[in-house]
Amino acid sequence: EPEVTQTPSHQVTQMGQEVILRCVPISNHLYFYWYRQILGQKVEFLVSFYNNEISEKSEIFDDQFSVERPDGSNFTLKIRSTKLEDSAMYFCASSQEGGQINEKLFFGSGTQLSVL
Amino acid sequence: GNSVTQMEGPVTLSEEAFLTINCTYTATGYPSLFWYVQYPGEGLQLLLKATKADDKGSNKGFEATYRKETTSFHLEKGSVQVSDSAVYFCALKAGNQFYFGTGTSLTVIP
């Protein structure tokens with residue numbers, strides 16, 4: 001079965017550094033998402049992306065965050081200047097359809113980001 | 001607002017035991033409800049879903065019934081196996097957004 005691939009599985013960085021988390025969604029999917037889960041808390045929506053632009057974003061997704069689909073296969077999440085509170089598991093997801101029709105997300109296995 | 005609350009884990013059961021993982025929700029409108037499962041080293045996968053009140057979702061021996069009167073979507077399985085060891089996430093979809101719970105870790109011991 002096709003799957004969403006995320007790299008790296010673990011990322012350790014110093015506070016204030018930039019990080020890029022990478023995702024390869026399923027090839028025929030059109031809608032892309034980033035979620036995160038801080039340890040012990042709920043999985044939280046960050047952003048959705050369609051047709052090369054952000055379609056929705058949460059309050060968490062501030063100016064420090066950006067997403068990009070640079071080459072038609074990768075989908076990246078960049079954090080410009082990491083903070084301690086950015087430490088979390090970051091999940092990428094994709095789906096064939098979006099909006100009201102979308103009922104099934106396919107998730108990657110996550111990138112555990114640790115900010116020291 | 002929209003949110004999901006699920007029972008805290010971790011949950012440890014012996015093989016063939018009965019499983020219940022509680023999930024309650026708060027939502028405006030009429031959400032769809034889901035259970036996702038994450039096996040070790042893998043991404044979240046859709047386990048089952050229900051799109052309207054009184055619907056029962058089922059898959060791999062797991063069941064959950066959409067109860068509007070109690071705003072619940074509890075996950076049950078009659079006889080768990082070691083291979084069911086995973087983290088289970090309850091979620092609702094309202095509008096274009098998914099809202100997830102914290103996840104409940106289940107370990108099944110032989």
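All chains are named by letter (A, B, ...) in the order of the sequence lines, taking the proteins before the strands, and each is independently numbered beginning at 1.
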Exercise. Side chains of Tyr36(B) and Leu105(A): closer than 4.5 Å at any heavy-atom pair?
Worked result: yes
Exercise. What heavy-atom pair brings Gly41(B) and Ser109(A) nearest, and what distance separates the two atoms?
Worked result: O-CB, 3.5 Å
Problem set entry | Heavy-atom donor-acceptor pair, Tyr99(B) side chain to Val43(A) backbone, under 3.5 Å | no
Exercise. Is the count of non-hydrogen atoms from other residues, nucleotides or ligands lying under 6.0 Å from Glu3(A) atom CD greater than 12?
Worked result: no
Exercise. Hey, is OH on Tyr39(B) packed in by over 12 heavy atoms from elsewhere, all under 6.0 Å?
Worked result: yes
For this session: Counting only heavy atoms closer than 4.5 Å, note whether Gln41(A) contacts chain B via side chain, backbone, both or neither.
Result: backbone
For this session: Give a yes or no on this: more than 12 heavy atoms of other residues, nucleotides or ligands lie within 6.0 Å of atom NZ of Lys83(A).
Result: yes
Problem set entry | OG on Ser48(A) to CZ on Phe98(B), rounded to 0.5 Å | 11.5 Å
For this session: Count the heavy atoms belonging to other residues, nucleotides or ligands that lie under 6.0 Å from CG of Leu39(A), then report whether that count exceeds 12.
Result: no
Problem set entry | Backbone N/O of Thr102(B) and side chain of Gln37(A): donor-acceptor pair under 3.5 Å | yes
Problem set entry | Note, Thr5(B) side chain near Lys42(A) side chain (heavy atom, < 4.5 Å) | yes
Problem set entry | Flag if over 12 foreign heavy atoms under 6.0 Å of CD, Glu8(B) | no
Seminar exercise, completed: Taken to the nearest 0.5 Å, the spacing of Phe107(A) CZ from Glu42(B) CD works out to 14.0 Å
Problem set entry | Close side-chain approach of Tyr35(A) and Phe100(B), heavy atoms under 4.5 Å | yes
Problem set entry | Atom pair CE (Met89(A)) and CD (Gln38(B)), whose distance is rounded to the nearest 0.5 Å | 6.5 Å
Exercise. Has Glu15(B) got more than 12 heavy atoms of other residues, nucleotides or ligands less than 6.0 Å from its CD?
Worked result: yes
For this session: Using a cut-off of 6.0 Å, state whether more than 12 heavy atoms not belonging to Glu59(A) lie near its atom CD.
Result: no
